[in-house]
Amino acid sequence: MTEPIDRPGKIIAIHLSYASRADQRGRRPAAPSYFFKPASSVGVSGGTVERPAGTELLAFEGEIALVIDSAARRVSLDDAWSHVGWVTASNDLGLYDLRANDKGSNVRSKGGDGYTPIGPELIDARTVDPAALRVRTWVNGELRQDDTTAGLIFPLAQLVADLSQHFTLEPGDVILTGTPAGSSVIVPGDVVEVEVDAPDAPGAPSSGRLVTTVTQGETPFDAEIGSLPAVDDLQRTEAWGSRAEAGLPPVEKAPGLSPELRAQLLEAPTAGLSAQLRKRGHHSCFIDGVSVNIPGQKIVGTAKTLRFVPFREDLFASHGGGYNAQKRAFDAVEDGEVIVIEARGDATTGTLGDILALRAKVRGAAGVVTDGGVRDYDAVAEIGLPVFSQGAHPSVLGRKHVPWDVDVTISCGGATVQPGDIIVGDSDGVIVIPPSLAAEVAASAVAQEIEDAWIAEQVAAGHPVDGLFPLNAEWRARYEKAVSDGSVR
């Protein structure tokens with residue numbers, strides 16, 4: 001029953017398509033993106049898949065596979081489904097140990113022999129509603145995935161229409177339509193079963209269970225030929241589905257700002273806060289050379305750091321494309337955080353533009369501080385995201401910078417910034433406050449503002465500043481009496 005897909009001309013897979021998976025990953029794409037898998041990766045039900053020697057993160061992904069029946073080129077959304085002949089089950093297996101080096105192409109991490117088992121039976125696409133299909137996956141008899149196409153971000157027909165804009169979909173081509181939440185790591189001896197069905201259609205047609213057994217490979221990769229498998233906690237987290245499933249401890253985050261402390265910091269100007277830091281021996285708190293894109297805007301938040309290193313061709317090739325550090329920072333910024341970017345004070349290239357600014361705004365970021373330039377300067381301001389920078393520059397990132405790392409200690413505008421530091425910016429500039437001093441400094445700065453306002457009243461009334469600014473003993477006594485009388489608020 002699977003003759004049309006024994007050797008497909010093309011296998012096209014989508015990176016992220018189910019809302020449940022997107023929510024698990026913490027990012028939801030605005031449009032579908034794809035990768036190719038080789039025809040040699042096709043496997044059959046009852047077959048095996050090898051986890052190569054020296055690797056640990058082979059993961060299953062139960063998916064719905066669409067098999068093209070008639071050529072499709074620039075087809076409309078309304079017509080797209082008519083070019084799908086059959087629907088069946090697939091397992092888009094992936095080796096996360098090779099994922100980072102593939103830079104999103106997934107050539108090696110998803111292209112291994114047997115990494116695309118399909119079948120066992122084909123469902124006639126004309127007999128089912130593409131919005132009412134179900135995919136389920138079992139590992140060793142335990143249900144791990146259970147979702148329907150009602151949970152897709154992009155309808156199945158949209159994938160066909162979209163791909164047909166770029167190249168001809170030919171009979172026998174296969175589209176893997178993404179996996180829902182629940183994908184995780186499998187080990188040698190595990191048996192994975194995937195089934196696609198249409199439970200509400202007449203006769204409840206089903207693909208039957210696509211069965212794949214994991215085996216252990218004996219041949220290691222050769223370092224003299226290509227890069228070796230490598231894993232880190234990010235790959236472990238994404239392969240297993242969560243840090244907890246991967247056996248990793250939760251990420252310890254610096255405590256956020258309480259509503260009371262945030263209110264005090266919003267009330268206190270940076271000039272007053274910096275004066276209080278200076279009294280406590282902190283003189284290197286200034287992020288120099290930056291100004292805000294929206295006049296009158298003030299930002300208060302905890303720092304989420306992003307580091308750029310100087311441009312180098314080989315490093316940009318390995319770290320500049322795909323889901324790089326810059327994109328990860330803007331995708332992961334949380335409500336009330338300020339993205340602080342180390343660009344080495346180089347204003348001759350952009351360090352963000354309107355799309356990333358919009359992402360930060362949607363995520364609830366308090367603002368961005370960069371000691372570099374900003375692309376799409378006016379558009380970023382229209383979005384309403386306060387950005388402190390060295391000004392506008394039309395150049396792309398790769399002119400001077402390589403996005404290197406997130407959530408590390410950085411230097412921005414001459415100041416050292418650590419993740420979780422308190423960032424306050426207004427028309428006078430931006431300062432960095434160590435979290436351990438924030439409450440004390442904020443309270444003292446607000447108190448000083450109240451005192452300064454009373455002094456200004458006395459100056460306005462005609463008193464000379466000598467002895468009044470700063471307060472001498474006589475004027476201090478008058479001020480404290482005014483406070484006790486309740487005339488100072």
J.: Heavy atoms, side chains only, cut-off 4.5 Å: are I287 and V417 in contact?
T.: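 The answer is yes, as the side chains (C-beta and beyond) meet within the 4.5 Å cut-off.
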
J.: Keeping the roles fixed (side chain from Q326, backbone from T351), state whether a donor-acceptor pair exists under 3.5 Å.
T.: yes

J.: Are T213 and T48 close enough that a side-chain donor and a side-chain acceptor fall under 3.5 Å?
T.: no

J.: As an exercise, state the distance from OG1 of T55 to CG of L98, rounded to the nearest 0.5 Å.
T.: 7.5 Å

J.: Keeping the roles fixed (side chain from Q145, backbone from P180), state whether a donor-acceptor pair exists under 3.5 Å.
T.: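 Looks like yes, one N/O pair under 3.5 Å.
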
J.: For the pair Q165 and R74, evaluate side-chain hydrogen bond (donor to acceptor under 3.5 Å, both in side chains) and give the outcome as yes or no after the intermediate values.
T.: CA-CA 5 Å; Q165 295 185 97; R74 296 193 179 97; over 6 Å; no

J.: Do you know the tightest heavy-atom contact between D371 and V290?
T.: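 Heavy atoms only, the tightest pair is CA-CG1, 4.2 Å.
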
J.: At what distance, to the nearest 0.5 angstrom, does OG of S90 lie from CD1 of I118?
T.: 6.0 Å

J.: Nearest 0.5 Å, what's the SG-CG distance between C412 and D288?
T.: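 Separation between the atoms: 10.0 Å.
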
J.: Taking the six-membered ring of W138 as reference, does the cationic atom of R144 (NZ for Lys, CZ for Arg) lie under 6.0 Å from its centre and within 45° of its axis?
T.: no

J.: Without swapping roles, check the side chain of K10 against the backbone of T168 for a donor-acceptor pair under 3.5 Å.
T.: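 Judged by distance alone, yes, a pair lies under 3.5 Å.
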
J.: Which heavy atom in P32 sits nearest to a heavy atom in I14, and how many Å separate them?
T.: CB-CD1, 3.6 Å

J.: Can you find a side-chain donor-acceptor pair between S207 and E195 that sits under 3.5 Å?
T.: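 Looking only at side-chain atoms, E195 and S207 do not form any donor-acceptor pair under 3.5 Å.
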
J.: Check side-chain hydrogen bond (donor to acceptor under 3.5 Å, both in side chains) between D92 and all other residues, then give those that pass, not counting sequence neighbours.
T.: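 With sequence neighbours excluded, D92 shows a side-chain hydrogen bond (donor to acceptor under 3.5 Å, both in side chains) to K37, K110, given in chain and number order.
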
J.: Would you find a donor on one side and an acceptor on the other, under 3.5 Å apart, between the side chain of D97 and the backbone of L57?
T.: yes

J.: Check the side chains of Q216 and R51 for a donor-acceptor pair under 3.5 angstrom, ignoring hydrogens and angles.
T.: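 Yes, side-chain donor-acceptor contact under 3.5 Å.
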
J.: Atom CD1 in I341, atom CG in L306: separation rounded to 0.5 Å?
T.: 5.0 Å

J.: Rounded to the nearest 0.5 Å, how far apart are OG of S436 and CD1 of I422?
T.: 9.5 Å

J.: Quick one: does T149's side chain get under 4.5 Å of P130's, heavy atoms only?
T.: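 SC-SC contact between T149 and P130 ruled out.
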
J.: S82 and D79: side-chain donor and acceptor closer than 3.5 Å?
T.: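 The answer is yes; a qualifying pair exists.
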
J.: With heavy-atom distances below 4.5 Å as the criterion, would you say the side chains of F388 and S291 are in contact?
T.: no

J.: Is there a salt bridge (Lys or Arg N to Asp or Glu O under 4.0 Å) between E245 and R236? Walk through the geometry before answering.
T.: CA-CA 9 Å; E245 288 293 325; R236 290 188 178 96; over 6 Å; no

J.: Passes side-chain hydrogen bond (donor to acceptor under 3.5 Å, both in side chains), Y115 versus N91? Steps please.
T.: CA-CA 7 Å; Y115 277 31; N91 190 345; over 6 Å; no

J.: Is R73 reaching over with its side chain to a backbone N or O of S164, donor-acceptor style, under 3.5 angstrom?
T.: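 Yes, because the side chain of R73 sits within donor-acceptor range (under 3.5 Å) of the backbone of S164.
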
J.: Return the minimal non-hydrogen interatomic distance between N293 and Y377, and the atom names on each side.
T.: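 Shortest heavy-atom separation between N293 and Y377 comes out as CA-OH, 3.3 Å.
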
J.: Decide if the gap between the ring center of F316 and the ring center of F308 is smaller than 6.0 angstrom.
T.: no

J.: Do Y34 and D162 pair up side chain to side chain, a donor and an acceptor below 3.5 Å, judged on atom types alone?
T.: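 The answer is yes; a qualifying pair exists.
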
J.: Does N140 reach the main-chain N or O of V191 with its side chain, forming a donor-acceptor pair under 3.5 Å?
T.: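 Yes.
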
J.: How many angstroms lie between atom OG of S17 and atom CG of L152, to the nearest 0.5 angstrom?
T.: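 Nearest 0.5 Å value for the OG-CG distance: 5.5 Å.
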
J.: For R399, does the CZ atom have more than 12 heavy-atom neighbours from other residues, nucleotides or ligands under 6.0 Å away?
T.: yes

J.: With distance as the sole criterion, is a donor-acceptor pair present between the side chains of D346 and T348 under 3.5 Å?
T.: yes

J.: Return yes if a side-chain donor-acceptor contact under 3.5 Å exists between T349 and H393, otherwise no.
T.: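 Not at all, the side chains of T349 and H393 share no donor-acceptor pair under 3.5 Å.
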
